[in-house]
Amino acid sequence: MDPIAVIKTLWHHKVFVLPVFFLTAFAAVYMYSYAPRSYEAMTTYAIVNPKIPSSQEIEKDPELGLLNTDNPYLRSADSSLITQVITTRLNDSSTSTALNNAGLSTDYKVERPSAAFLVEISAVSETEDVALNTVRTLGTRLEQELRTIQTINGASDQYLFTSLVVAVPDKATEQFSSRLRSLIVVVVAGLVLTLGAVSVARSVEAARARARSERPSSEPVPRRSKHYGSEIPDPKNGQPPALREGAVSGLETLVEIDLPSAEKELLLRRAPLREAANGDAANKVASKRSTV
(Lines give C-alpha, C1' and ligand atoms only; values in the text may rest on other atoms or scores of the structure.)
Protein backbone atom coordinates (compact mmCIF):
# COMPACT_ATOMS: atom_id res chain seq x y z
CA MET A 1 0.00 0.00 0.00
CA ASP A 2 1.37 3.39 -1.02
CA PRO A 3 1.62 5.72 2.02
CA ILE A 4 1.18 8.79 -0.18
CA ALA A 5 -2.02 7.36 -1.65
CA VAL A 6 -3.31 6.67 1.86
CA ILE A 7 -2.56 10.23 2.95
CA LYS A 8 -4.25 11.62 -0.16
CA THR A 9 -7.32 9.49 0.50
CA LEU A 10 -7.51 10.64 4.11
CA TRP A 11 -7.10 14.27 3.10
CA HIS A 12 -9.73 13.90 0.39
CA HIS A 13 -12.21 12.78 3.06
CA LYS A 14 -10.92 15.18 5.73
CA VAL A 15 -14.45 16.27 6.64
CA PHE A 16 -15.05 12.81 8.10
CA VAL A 17 -11.48 11.93 9.12
CA LEU A 18 -10.42 15.05 11.04
CA PRO A 19 -13.13 14.81 13.76
CA VAL A 20 -12.17 11.19 14.41
CA PHE A 21 -8.48 12.13 14.51
CA PHE A 22 -8.98 14.90 17.07
CA LEU A 23 -11.24 12.69 19.17
CA THR A 24 -8.63 9.92 19.19
CA ALA A 25 -5.84 12.34 20.10
CA PHE A 26 -7.89 13.77 22.98
CA ALA A 27 -8.73 10.28 24.28
CA ALA A 28 -5.08 9.20 24.06
CA VAL A 29 -3.85 12.23 26.03
CA TYR A 30 -6.58 11.74 28.61
CA MET A 31 -5.85 8.04 29.05
CA TYR A 32 -2.11 8.59 29.39
CA SER A 33 -2.53 11.45 31.87
CA TYR A 34 -5.54 10.49 33.96
CA ALA A 35 -6.19 6.80 33.41
CA PRO A 36 -5.94 4.44 36.42
CA ARG A 37 -2.35 3.54 37.14
CA SER A 38 -0.80 0.35 38.46
CA TYR A 39 1.82 0.03 41.19
CA GLU A 40 3.83 -3.08 41.93
CA ALA A 41 5.48 -3.97 45.23
CA MET A 42 7.89 -6.87 45.67
CA THR A 43 9.63 -8.72 48.45
CA THR A 44 11.83 -11.80 48.69
CA TYR A 45 12.09 -14.32 51.50
CA ALA A 46 14.81 -16.87 52.10
CA ILE A 47 14.01 -20.16 53.80
CA VAL A 48 16.75 -20.97 56.28
CA ASN A 49 17.57 -24.50 57.45
CA PRO A 50 17.25 -25.21 61.17
CA LYS A 51 20.36 -25.56 63.31
CA ILE A 52 20.10 -29.14 64.50
CA PRO A 53 22.08 -29.84 67.69
CA SER A 54 24.98 -32.21 67.29
CA SER A 55 25.56 -35.24 69.49
CA GLN A 56 28.26 -33.38 71.42
CA GLU A 57 25.85 -30.52 72.15
CA ILE A 58 23.21 -33.01 73.31
CA GLU A 59 25.74 -34.63 75.66
CA LYS A 60 26.60 -31.25 77.12
CA ASP A 61 22.92 -30.21 77.36
CA PRO A 62 20.70 -33.29 77.88
CA GLU A 63 17.57 -31.14 77.56
CA LEU A 64 18.28 -30.80 73.83
CA GLY A 65 17.80 -34.52 73.50
CA LEU A 66 14.29 -34.21 74.95
CA LEU A 67 13.08 -31.90 72.18
CA ASN A 68 10.59 -33.14 69.56
CA THR A 69 12.51 -33.58 66.29
CA ASP A 70 9.53 -34.82 64.21
CA ASN A 71 9.67 -32.27 61.38
CA PRO A 72 8.50 -34.13 58.23
CA TYR A 73 10.43 -31.81 55.92
CA LEU A 74 13.72 -32.69 57.58
CA ARG A 75 13.26 -36.28 56.42
CA SER A 76 12.71 -35.29 52.75
CA ALA A 77 15.46 -36.07 50.28
CA ASP A 78 14.56 -32.90 48.35
CA SER A 79 15.68 -29.95 50.42
CA SER A 80 13.53 -27.55 48.33
CA LEU A 81 10.31 -29.36 49.15
CA ILE A 82 9.34 -26.88 51.84
CA THR A 83 9.61 -23.89 49.49
CA GLN A 84 7.42 -25.70 46.94
CA VAL A 85 4.78 -26.34 49.57
CA ILE A 86 4.84 -22.71 50.78
CA THR A 87 4.46 -21.43 47.22
CA THR A 88 1.52 -23.74 46.59
CA ARG A 89 -0.30 -22.76 49.81
CA LEU A 90 0.11 -19.03 49.18
CA ASN A 91 -1.25 -19.39 45.64
CA ASP A 92 -4.34 -21.17 46.95
CA SER A 93 -7.80 -19.62 46.51
CA SER A 94 -8.17 -19.28 50.28
CA THR A 95 -5.36 -16.73 50.25
CA SER A 96 -7.12 -14.67 47.57
CA THR A 97 -10.35 -14.77 49.56
CA ALA A 98 -8.57 -13.58 52.70
CA LEU A 99 -6.95 -10.70 50.83
CA ASN A 100 -10.24 -9.70 49.25
CA ASN A 101 -11.98 -9.68 52.62
CA ALA A 102 -9.23 -7.47 53.99
CA GLY A 103 -9.70 -4.97 51.16
CA LEU A 104 -6.33 -5.76 49.57
CA SER A 105 -5.35 -6.60 46.02
CA THR A 106 -5.89 -10.09 44.67
CA ASP A 107 -3.51 -9.49 41.77
CA TYR A 108 -0.40 -11.05 43.22
CA LYS A 109 2.18 -13.73 42.45
CA VAL A 110 4.18 -16.05 44.67
CA GLU A 111 7.02 -17.69 42.77
CA ARG A 112 10.10 -19.71 43.48
CA PRO A 113 13.08 -18.60 41.39
CA SER A 114 15.95 -20.80 40.36
CA ALA A 115 17.42 -20.62 43.85
CA ALA A 116 15.95 -23.48 45.86
CA PHE A 117 15.33 -21.63 49.12
CA LEU A 118 14.00 -18.30 47.86
CA VAL A 119 10.35 -17.21 47.58
CA GLU A 120 9.43 -14.05 45.64
CA ILE A 121 6.17 -12.23 46.39
CA SER A 122 4.76 -9.44 44.21
CA ALA A 123 1.45 -7.58 44.19
CA VAL A 124 -0.10 -5.06 41.79
CA SER A 125 -2.71 -2.47 42.72
CA GLU A 126 -4.06 0.89 41.56
CA THR A 127 -2.55 2.62 44.61
CA GLU A 128 0.89 2.36 46.12
CA ASP A 129 -0.31 1.80 49.68
CA VAL A 130 -2.55 -1.14 48.76
CA ALA A 131 0.26 -2.82 46.85
CA LEU A 132 2.64 -2.47 49.81
CA ASN A 133 0.08 -3.70 52.33
CA THR A 134 -0.73 -6.71 50.14
CA VAL A 135 2.92 -7.74 49.96
CA ARG A 136 3.41 -7.32 53.70
CA THR A 137 0.27 -9.33 54.43
CA LEU A 138 1.49 -12.12 52.17
CA GLY A 139 4.86 -12.07 53.94
CA THR A 140 3.15 -12.46 57.31
CA ARG A 141 1.03 -15.29 55.91
CA LEU A 142 4.17 -17.00 54.59
CA GLU A 143 5.69 -17.04 58.07
CA GLN A 144 2.49 -18.44 59.55
CA GLU A 145 2.13 -21.14 56.90
CA LEU A 146 5.79 -22.06 57.25
CA ARG A 147 5.36 -22.75 60.96
CA THR A 148 2.02 -24.54 60.51
CA ILE A 149 3.25 -27.11 58.00
CA GLN A 150 6.27 -27.98 60.13
CA THR A 151 4.59 -28.28 63.50
CA ILE A 152 1.97 -30.73 62.28
CA ASN A 153 3.61 -33.39 64.44
CA GLY A 154 4.54 -31.03 67.29
CA ALA A 155 8.16 -30.43 66.27
CA SER A 156 10.15 -28.09 68.51
CA ASP A 157 11.30 -24.70 67.31
CA GLN A 158 14.90 -25.93 67.32
CA TYR A 159 14.05 -28.19 64.36
CA LEU A 160 11.99 -25.80 62.25
CA PHE A 161 12.87 -23.96 59.00
CA THR A 162 12.69 -20.19 59.45
CA SER A 163 12.16 -17.31 57.01
CA LEU A 164 14.45 -14.37 56.48
CA VAL A 165 13.48 -11.18 54.61
CA VAL A 166 15.94 -10.55 51.80
CA ALA A 167 14.26 -7.55 50.10
CA VAL A 168 12.17 -5.29 52.34
CA PRO A 169 8.98 -3.98 50.64
CA ASP A 170 9.38 -0.27 51.31
CA LYS A 171 8.37 1.19 47.95
CA ALA A 172 5.99 0.38 45.11
CA THR A 173 6.97 1.27 41.55
CA GLU A 174 4.56 2.43 38.88
CA GLN A 175 3.97 0.10 35.97
CA PHE A 176 4.02 2.24 32.83
CA SER A 177 3.04 -0.80 30.82
CA SER A 178 -0.53 -0.44 32.10
CA ARG A 179 -0.84 3.08 30.73
CA LEU A 180 0.79 2.01 27.50
CA ARG A 181 -1.76 -0.78 27.14
CA SER A 182 -4.58 1.72 27.60
CA LEU A 183 -2.95 4.03 25.07
CA ILE A 184 -2.60 1.23 22.53
CA VAL A 185 -6.27 0.32 22.95
CA VAL A 186 -7.29 3.95 22.29
CA VAL A 187 -5.05 4.21 19.21
CA VAL A 188 -6.37 0.95 17.75
CA ALA A 189 -9.94 2.10 18.37
CA GLY A 190 -9.10 5.39 16.62
CA LEU A 191 -7.74 3.55 13.58
CA VAL A 192 -10.88 1.45 13.37
CA LEU A 193 -13.06 4.56 13.59
CA THR A 194 -10.93 6.26 10.91
CA LEU A 195 -11.43 3.34 8.53
CA GLY A 196 -15.14 3.46 9.26
CA ALA A 197 -15.24 7.20 8.59
CA VAL A 198 -13.44 6.74 5.24
CA SER A 199 -15.88 3.99 4.28
CA VAL A 200 -18.85 6.21 5.13
CA ALA A 201 -17.34 9.11 3.18
CA ARG A 202 -16.77 6.95 0.10
CA SER A 203 -20.32 5.61 0.32
CA VAL A 204 -21.72 9.14 0.48
CA GLU A 205 -19.56 10.20 -2.46
CA ALA A 206 -20.65 7.19 -4.53
CA ALA A 207 -24.31 7.89 -3.74
CA ARG A 208 -23.97 11.49 -4.87
CA ALA A 209 -22.24 10.44 -8.10
CA ARG A 210 -24.97 7.90 -8.79
CA ALA A 211 -27.64 10.52 -8.19
CA ARG A 212 -25.97 12.89 -10.67
CA SER A 213 -25.72 10.16 -13.29
CA GLU A 214 -29.38 9.20 -12.93
CA ARG A 215 -30.72 12.78 -13.06
CA PRO A 216 -30.98 13.15 -16.94
CA SER A 217 -33.22 10.08 -17.27
CA SER A 218 -35.62 11.07 -14.51
CA GLU A 219 -35.51 14.88 -14.87
CA PRO A 220 -34.78 15.81 -18.52
CA VAL A 221 -32.78 19.00 -18.94
CA PRO A 222 -34.45 21.39 -21.48
CA ARG A 223 -32.53 21.90 -24.73
CA ARG A 224 -31.86 25.21 -26.33
CA SER A 225 -32.35 25.79 -30.05
CA LYS A 226 -29.49 25.42 -32.48
CA HIS A 227 -28.23 28.80 -33.61
CA TYR A 228 -26.69 29.40 -36.99
CA GLY A 229 -24.73 32.31 -38.35
CA SER A 230 -27.82 33.90 -39.90
CA GLU A 231 -31.45 32.96 -40.20
CA ILE A 232 -32.50 31.67 -43.61
CA PRO A 233 -35.80 33.21 -44.65
CA ASP A 234 -38.64 31.24 -45.97
CA PRO A 235 -38.46 31.38 -49.80
CA LYS A 236 -42.23 31.84 -50.06
CA ASN A 237 -42.84 34.82 -47.81
CA GLY A 238 -39.35 35.90 -46.82
CA GLN A 239 -40.10 35.36 -43.12
CA PRO A 240 -38.01 33.26 -40.73
CA PRO A 241 -39.28 29.71 -40.14
CA ALA A 242 -41.96 29.50 -37.51
CA LEU A 243 -41.46 27.63 -34.27
CA ARG A 244 -42.86 24.16 -34.02
CA GLU A 245 -46.10 23.57 -32.24
CA GLY A 246 -45.77 23.30 -28.46
CA ALA A 247 -43.38 26.23 -28.03
CA VAL A 248 -44.16 28.24 -24.93
CA SER A 249 -43.69 31.99 -25.15
CA GLY A 250 -42.03 33.88 -22.32
CA LEU A 251 -39.75 30.99 -21.33
CA GLU A 252 -36.06 30.73 -21.77
CA THR A 253 -36.37 27.28 -23.29
CA LEU A 254 -36.70 27.19 -27.08
CA VAL A 255 -37.47 24.32 -29.37
CA GLU A 256 -35.35 23.51 -32.33
CA ILE A 257 -36.08 25.51 -35.51
CA ASP A 258 -37.07 23.38 -38.49
CA LEU A 259 -34.40 24.55 -40.93
CA PRO A 260 -33.97 23.10 -44.46
CA SER A 261 -31.07 20.85 -45.19
CA ALA A 262 -28.01 22.04 -47.11
CA GLU A 263 -29.11 20.40 -50.40
CA LYS A 264 -32.63 21.87 -50.15
CA GLU A 265 -31.17 25.28 -49.38
CA LEU A 266 -28.99 25.09 -52.50
CA LEU A 267 -31.99 24.12 -54.64
CA LEU A 268 -34.01 26.97 -53.18
CA ARG A 269 -31.27 29.44 -54.00
CA ARG A 270 -31.03 28.15 -57.59
CA ALA A 271 -34.83 28.22 -58.21
CA PRO A 272 -35.07 32.00 -58.94
CA LEU A 273 -32.11 31.78 -61.31
CA ARG A 274 -33.74 28.85 -63.12
CA GLU A 275 -37.05 30.73 -63.48
CA ALA A 276 -35.24 33.80 -64.81
CA ALA A 277 -33.36 31.72 -67.35
CA ASN A 278 -36.54 30.03 -68.48
CA GLY A 279 -38.23 33.40 -68.87
CA ASP A 280 -35.41 34.81 -70.96
CA ALA A 281 -35.51 31.76 -73.22
CA ALA A 282 -39.27 32.12 -73.67
CA ASN A 283 -38.90 35.78 -74.55
CA LYS A 284 -36.25 35.02 -77.16
CA VAL A 285 -38.38 32.36 -78.77
CA ALA A 286 -41.39 34.67 -78.86
CA SER A 287 -39.40 37.47 -80.43
CA LYS A 288 -38.04 35.17 -83.05
CA ARG A 289 -41.53 33.96 -83.89
CA SER A 290 -42.84 37.48 -84.12
CA THR A 291 -39.99 38.43 -86.40
CA VAL A 292 -40.67 35.57 -88.69
Side-chain angles (χ1 to χ4, degrees), residues 1-45 87 90-91 93 95-113 119-142 165-212:
M1 183 179 294
D2 188 4
I4 298 178
V6 173
I7 294 174
K8 289 182 178 179
T9 302
L10 295 176
W11 183 251
H12 179 69
H13 303 293
K14 56 182 177 295
V15 176
F16 293 86
V17 173
L18 288 180
V20 176
F21 174 78
F22 288 121
L23 179 62
T24 302
F26 175 78
V29 172
Y30 177 82
M31 291 296 294
Y32 189 80
S33 302
Y34 302 102
R37 304 183 182 185
S38 298
Y39 294 88
E40 183 180 18
M42 298 184 64
T43 185
T44 304
Y45 281 83
T87 302
L90 290 180
N91 286 322
S93 59
T95 304
S96 300
T97 303
L99 292 175
N100 189 27
N101 294 335
L104 300 176
S105 175
T106 57
D107 186 7
Y108 69 93
K109 291 188 298 183
V110 180
E111 300 175 333
R112 186 173 65 91
V119 177
E120 290 183 351
I121 301 174
S122 63
V124 178
S125 179
E126 295 181 357
T127 60
E128 185 176 358
D129 294 337
V130 173
L132 288 173
N133 292 333
T134 302
V135 168
R136 291 167 182 165
T137 302
L138 288 172
T140 303
R141 192 177 182 89
L142 180 146
V165 180
V166 177
V168 179
D170 56 354
K171 185 179 180 181
T173 58
E174 182 183 355
Q175 301 297 302
F176 289 97
S177 59
S178 61
R179 285 198 286 175
L180 289 177
R181 285 194 297 268
S182 301
L183 185 61
I184 291 173
V185 170
V186 171
V187 172
V188 171
L191 291 177
V192 173
L193 289 177
T194 301
L195 294 177
V198 172
S199 299
V200 171
R202 296 184 68 178
S203 300
V204 172
E205 187 177 16
R208 291 178 178 175
R210 187 166 54 252
R212 286 195 298 267

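Just so it is clear, the structure is predicted and the values come from calculations on it, not from any experiment. The first residue of the sequence shown is numbered 1, and numbering continues consecutively from there. Values below: every heavy atom of this structure, side chains too, minus hydrogens, waters and symmetry copies.
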How about K171: does its NZ atom have over 12 heavy atoms from other parts shown lying under 6.0 Å from it? no
Hey, can you pull the donor-acceptor pairs under 3.5 Å for the side chains in residues 119-131, sequence neighbours left out?
none

Do F21 and L10 have side chains that approach each other closer than 4.5 Å (heavy atoms only, starting at C-beta)? no
Is L138 close to L142 at the side-chain level, that is, under 4.5 Å between some pair of heavy atoms? no
Test side chain to side chain contact (heavy atoms under 4.5 Å, CB included) on T173 and Y39; report intermediate values, then the result. CA-CA 5 Å; T173 58; Y39 294 88; over 6 Å; no
Minimal heavy-atom distance between P169 and T43, with the atoms involved, is CD-OG1, 3.6 Å
Decide side chain to side chain contact (heavy atoms under 4.5 Å, CB included) for T9 and V17; before the verdict, give the C-alpha distance in whole Å, the side-chain angles of both, and the deciding distance to 0.1 Å. CA-CA 10 Å; T9 302; V17 173; over 6 Å; no
Reported [atom1]-to-[atom2] distance for the pair [X] and [Y], which is rounded to 0.5 angstrom:
X	Y	atom1	atom2	value
E111	T44	CD	OG1	10.5 Å
E40	S105	CD	OG	10.5 Å
Y45	L90	OH	CG	10.0 Å
T134	L104	OG1	CG	4.0 Å

Table please: side-chain donor-acceptor pairs of residues 190-207 below 3.5 Å, with sequence neighbours left out.
from, atom 1, to, atom 2, distance (Å)
T194, OG1, G190, O, 2.8
S199, OG, L195, O, 3.0
S203, OG, S199, O, 2.9
E205, OE2, H12, NE2, 3.2

Looking only at atom types and distance, does a side-chain atom of N101 sit under 3.5 Å from a main-chain N or O of T97, one as donor and one as acceptor?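 Such a contact is found between N101 side chain and T97 backbone.
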Identified side-chain contact (heavy atoms from CB on, under 4.5 Å) counterpart of Y108 within the set T137, T95, V135: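 Option passing the side-chain contact (heavy atoms from CB on, under 4.5 Å) with Y108: T95.
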For the residue pair K14 and W11, would you count it as a cation-pi contact if the rule is NZ or CZ under 6.0 angstrom from the ring centre and within 45 degrees of the ring axis?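 Yes - K14 lies over the ring of W11, closer than 6.0 Å to its centre and within 45° of its axis.
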